[in-house]
Amino acid sequence: MSTALVTLQRGISSEALKIKRTWAFWLSVLAPLSIVGMNFLVFYFKGDRIVKPGQDPWGLWAGNNFSITAQLLVPLFLALITALVNGMEHNSLGWKQLYAAPVPRWSVFLNKFLLLLGLVVLTYATFLVGVLLGGYALGYTRPHLKFQDYHHVATISLAAFRILVASLFIFTLQFYISFRFKSIAMGIGLGILFTLAFLVASRWEHIGYYPYSWPSFAAMAFYAQEKAVFIPQMWYSLGSSLFLLLIGVWESIKRQVF
């Protein structure tokens, strides 16, 4: 195993021990389940008014979860978790200790980035499992809604994957902001501001180029029954994320912490 990989492995393990003693892990699990749980209650008590007789209920159920998650949960959650986790390092002078340690300076940025990325993937995995189990639970508890008559595991899994990829740049940007600036309020505030800007300008003809709209475009691909795995906004997200990640690693190497 190369020295760089060993350095990353040890660094990520060290960062995981820090996260283990915080609320970050539980936030990553509870945030997506809160969305699924609220939608479950709506369909449980009001499903008769939402699902028409003979209609496939999975489209409405999954679509509601995807829309709320893409428009609100994704950008606000990413702003919150990156600002608070990196903010703890700022407030405790953790960055100074990390840069004083005998490790490559590029690994300081990359270790925490990869660990938080793992938490984001966990969040999406939890969300996907919650959507699937919630739908089948509705089929068991409310059989007249006919959830049990249809199966869309592959389609729903693809939709969750699209939203994940489309949100990578939002994650990278929010991580970079919280890494670069000490203020926790700045990271969270900018996340809220960027999200509100998307909601206000959602009908703009060029909104598809705005990063905070990309998860919503990924969610809309589910409604449109898009056959292609990748939509343009996913490619925008991947390319922009890689570019900003390289900038972040470069700044980590050059950074001076006093």
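In what follows, residues are counted from 1 in the order of the sequence shown.
Donor-acceptor pairing under 3.5 Å is recorded for the side chains of Ser167 and Tyr124.
Taking every heavy atom of both residues into account, Ile170 and Pro211 meet most closely at CD1-O, 3.7 Å. What you find for Gly208 and Ser213 is that their closest heavy atoms are CA-OG, 3.9 Å. Scanning all heavy atoms of the two residues, the minimum distance from Val229 to Met234 falls at O-SD, 3.6 Å. Scanning both residues, Thr82 and Leu78, for their nearest heavy atoms gives OG1-O, 2.6 Å. Scanning all heavy atoms of the two residues, the minimum distance from Ala79 to Gly191 falls at CB-CA, 3.8 Å. Residues Ala70 and Pro75 share a closest heavy-atom pair of O-CD, 3.7 Å.
Looking at Phe77 and Pro32, their side chains never come closer than 4.5 Å, going by heavy atoms from C-beta outward. A heavy-atom distance below 4.5 Å is found between the side chains of Ile156 and Phe66. Residues Ser28 and Ile81 meet the side-chain proximity criterion, which asks for heavy atoms closer than 4.5 Å. Looking at heavy atoms from C-beta onward, Leu73 lies out of side-chain contact with Ile68 at the 4.5 angstrom threshold. With contacts defined as side-chain heavy-atom distances shorter than 4.5 Å, the pair Tyr44/Arg142 qualifies. Thr126 has its side chain out of reach of Leu30: every pair of non-hydrogen atoms, C-beta onward, lies at least 4.5 Å apart. A heavy-atom distance below 4.5 Å is found between the side chains of Val36 and Trp61. Annotation: side chain of Phe113 is not in contact with side chain of Phe179 (no heavy-atom distance under 4.5 Å).
Both Phe45 and Phe40 belong to a single network of hydrophobic side chains, linked directly or stepwise wherever heavy atoms of I, L, V, M, F, W or Y lie under 4.5 Å apart. Side-chain heavy atoms closer than 4.5 Å link hydrophobic residues (I, L, V, M, F, W, Y) into clusters, and following such links, possibly through other members, connects Leu119 to Trp26. Note on Leu132 and Val129: separate hydrophobic clusters, where clusters join Ile, Leu, Val, Met, Phe, Trp and Tyr whose side-chain heavy atoms are under 4.5 Å apart, directly or indirectly. Linking Ile, Leu, Val, Met, Phe, Trp and Tyr residues whenever their side-chain heavy atoms come within less than 4.5 Å places Leu41 and Leu72 in a single cluster. One hydrophobic cluster, built from ILVMFWY side chains closer than 4.5 Å, holds both Leu122 and Leu128.
Note that OG1 of Thr123 is 10.0 Å distant from CG of Leu116, once rounded to the nearest 0.5 Å. The OG1 atom of Thr172 sits 9.0 Å away from atom CG of Leu242, with the distance rounded to the nearest 0.5 Å. A distance of 14.5 Å separates OG in Ser241 from OH in Tyr176, rounded to the nearest 0.5 Å. In this structure, Leu133 CG and Tyr136 OH are separated by 9.5 Å, a value rounded to the nearest 0.5 Å. Put simply, CG on Leu138 and CD on Gln148 are 10.0 Å apart, with the number rounded to the nearest 0.5 Å. Rounding to the nearest 0.5 angstrom, the gap separating the CD atom in Gln174 from the CG atom in Leu76 is 9.0 Å.
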Practice task
Carefully, step by step, assess Ile177 and Asn86 under the rule side chain to side chain contact (heavy atoms under 4.5 Å, CB included).
Solution key: CA-CA 10 Å; Ile177 291 172; Asn86 282 338; over 6 Å; no
Practice task
Apply the test side chain to side chain contact (heavy atoms under 4.5 Å, CB included) to residues Leu164 and Val120: give CA-CA distance (whole Å), side-chain angles for both, the deciding distance (0.1 Å), then the verdict.
Solution key: CA-CA 8 Å; Leu164 167 61; Val120 171; 4.2 Å; yes
Handout entry: side chain to side chain contact (heavy atoms under 4.5 Å, CB included) between Leu245 and Leu110, intermediate numbers included
Key = CA-CA 9 Å; Leu245 177 60; Leu110 202 55; 4.0 Å; yes
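Relative orientation of the Phe171 and Phe175 rings is tilted, given thresholds of 30° and 60° on the angle between their planes. Ring-plane geometry between Phe198 and Tyr210 is classed as parallel, the angle between the planes falling under 30 degrees on a 0 to 90 degree scale with a further cut at 60. Using bins of under 30°, 30° to 60° and over 60° for the plane-to-plane angle, the ring pair Phe169/Trp214 lands in the tilted bin.
Counting only distance, with no hydrogens or angles, the side chain of Ser34 and the backbone of Ala31 share a donor-acceptor pair below 3.5 Å. A donor-acceptor pair under 3.5 Å is formed between the side chain of Thr141 and the backbone N or O of Ala137.
For the ring-ring contact (aromatic ring centres under 6.0 Å, His included) test with Trp58, the passing option among Phe147, Phe43, Phe222 is Phe147; the others fail. No option in Leu60, Val51, Ile50 other than Val51 meets the side-chain contact (heavy atoms from CB on, under 4.5 Å) test with Leu145. Among the candidates Thr69, Val42, Asn39, Ile35, the single residue satisfying the side-chain contact (heavy atoms from CB on, under 4.5 Å) test with Asn64 is Asn39.
The neighbour count for Phe243 CZ, taken as heavy atoms of other residues, nucleotides or ligands under 6.0 Å away, does not exceed 12. Sparse packing is recorded around OH of Tyr209, with 12 or fewer heavy atoms of other residues, nucleotides or ligands lying under 6.0 Å away.
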